[in-house]
Asker: 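One structure is given below, represented as structure tokens, and several questions about it will come after.
Chain letters run A, B, ... following the sequence lines, proteins first, then strands; residues in each count from 1. Quick caveat: nothing in here was measured; it's all calculated off a predicted structure.
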Protein chains: 2
Amino acid sequence: MLRYNMSIRPAMPDAPGPALADPAFAAHDHTRCTAAALAAAEAVCAREGGRLTPVRRRTLTILLEAHRALGAYEVLSRLAADGFGGQPPVVYRALDFLQARGLVHRIRRLNAFAACLRPGEAHQALFLICRGCAAVAEAPGGGVRASLEAAAAATGFAVERASLEATGLCPACRGEAP
Amino acid sequence: MLRYNMSIRPAMPDAPGPALADPAFAAHDHTRCTAAALAAAEAVCAREGGRLTPVRRRTLTILLEAHRALGAYEVLSRLAADGFGGQPPVVYRALDFLQARGLVHRIRRLNAFAACLRPGEAHQALFLICRGCAAVAEAPGGGVRASLEAAAAATGFAVERASLEATGLCPACRGEAP
DNA sequence: GTCTAGGATGTTACGATATAACATGTCAAT
DNA sequence: ATTGACATGTTATATCGTAACATCCTAGAC
Ligand SMILES: [Zn+2]
Ligand SMILES: [Zn+2]
Ligand SMILES: [Zn+2]
Ligand SMILES: [Zn+2]
């Protein structure tokens, strides 16, 4: 198990903006999770239909490699740098495709997108956004989702999709700035 | 108890867009809840500081009277029609003020704002957004919030604010289009 | 009453995010 | 080869949100 900031992206401050999205602010082997996610993406497309075309694949790998939440225009500029069309619809369409298959999540509080860390598995994402370091973690939100459905059922509402996002302080930032 | 569409806004189709925000898709006396919310707003300002100036008061009553989620520019155009400044910062500042005091909620999935239905009471809002009729209900989300905090605690994350929003079908629309 | 400092509002200008609409291209099945 | 479905490229524009600065109002100090 590798410490993310120590070994995976040692010399890439990568400017400010929404940051890391890892399982729960915990370290992990990033190259491995990227490869796994890409393989899962192929499998999902094979199963659910739709082709993982070059733009779509590149969009996904951009999000996986960045390993943090990126704005659509940030993704777009990287796509353009790689020779793909540089207009907004290109990236929004790719993101739509990936979102529809659960390979990418949208984080509404940030107007940003992040690669899913559990592609292929049915799950409810819960995003924890640190206001100290801008890190974003995708945590399992199954329990929260169940609780939400119970609350909704009390009013007769049938939940189809839920967005669960919280802001606060990650473990590291709690120590620094309590 | 009055049936909202029958007696409160009988002749006002009010165009499409995000719709009603009532306690749980249930009917209620709207003039009463508007007056109560305004009184609560005065009390909150007296207690927490800040003045409920004309623009701010009017912004709040616009949301209360619309009784649904409104985009900032929708609110703005109504403010302008009432003689208040017609520039975006006017409405965004008023909305910021009201949000900071819990008198208005922001609904991120809709890029819209709705008057709080429990002003003055500490509470976690849970928004239920119907994809059939675009109605929006603010339900009590205390239980969901507790569940979310438990999930976050498992990763050492300290939750400060949470947005809980679900899309699905309201009771009425479930019957019509199951 | 005047002065003054902080807060509130008005206004210009711009930045950031997202989509509509249409043209073009690709590919696999007939 | 033809065709139809899907995918991409491109132009233009819609929608949402903020920075920065000028002006004004108001409450307390004197
Ligand atoms: Zn996920
Ligand atoms: Zn942090
Ligand atoms: Zn509320
Ligand atoms: Zn409905």
Asker: Rounded to 10°, tell me the angle between the two end axes of the helix from C:dG1-D:dC30 to C:dT30-D:dA1, each built from five pairs.
Answerer: 20°
Asker: List the protein contact pattern of nucleotides 19-30 of chain C with one symbol per nucleotide (5' to 3'): B for base contact, S for sugar-phosphate-only contact, - for none; contact means a heavy-atom distance under 4.0 Å.
Answerer: BB----------
Asker: Go nucleotide by nucleotide along DNA chain D from the 5' end; which of A:G50 and B:A72 gets its closest nucleotide reached first?
Answerer: A:G50
Asker: Restricting to pairs with a member in residues 128-163 of chain B, which pass ring-ring contact (aromatic ring centres under 6.0 Å, His included), not counting sequence neighbours?
Answerer: A:F25-B:F157
Asker: Can you name the residues that form a salt bridge (Lys or Arg N to Asp or Glu O under 4.0 Å) with B:E48, not counting sequence neighbours?
Answerer: none
Asker: My understanding is that only residues two or more places apart in sequence, or in another chain, count here; which of them pass salt bridge (Lys or Arg N to Asp or Glu O under 4.0 Å) with A:R145?
Answerer: A:E149
Asker: What heavy-atom pair brings A:R174 and B:G156 nearest, and what distance separates the two atoms?
Answerer: NH1-O, 2.9 Å
Asker: Can you measure from CD1 (B:I62) to CD (B:E74) and round to the nearest 0.5 angstrom?
Answerer: 10.5 Å
Asker: Roughly, in whole Å, what's the span from CD in A:E74 to P in C:dA18?
Answerer: 12 Å
Asker: Report the distance from atom CG of B:L110 to atom P of C:dT17, rounded to the nearest whole Å.
Answerer: 19 Å
Asker: Sequence neighbours left out, what pairs pass side-chain hydrogen bond (donor to acceptor under 3.5 Å, both in side chains) with at least one residue falling in residues 88-97 of chain B?
Answerer: none
Asker: Do any pairs count as a side-chain hydrogen bond (donor to acceptor under 3.5 Å, both in side chains) and have a residue in residues 105-116 of chain A, sequence neighbours left out, and if so which ones?
Answerer: A:H105-A:H123, A:H105-A:E138, A:R109-B:S163
Asker: Would you please name every residue forming a side chain to side chain contact (heavy atoms under 4.5 Å, CB included) with B:T61, sequence neighbours left out?
Answerer: B:L38, B:R57, B:R58, B:E65
Asker: From B:L63 CG over to B:L95 CG, what is the distance, rounded to the nearest 0.5 angstrom?
Answerer: 6.5 Å
Asker: Checking B:E165 now: which residues fulfil salt bridge (Lys or Arg N to Asp or Glu O under 4.0 Å) with it, not counting sequence neighbours?
Answerer: none
Asker: I need the CZ-C1' distance between B:R56 and C:dA8, as an integer number of Å.
Answerer: 6 Å
Asker: What is the distance from CG of B:L52 to C1' of C:dT9, rounded to the nearest Å?
Answerer: 15 Å
Asker: Under the rule for side chain to side chain contact (heavy atoms under 4.5 Å, CB included), what residues qualify as partners of B:L126, not counting sequence neighbours?
Answerer: A:L148, A:A151, B:L128, B:A139, B:V144, B:L164
Asker: Using the heavy-atom set of chain B and a strict 4.0 Å cut-off, write down the first and last nucleotide of DNA chain D that makes it in, 5' to 3'.
Answerer: D:dC16 to D:dT26
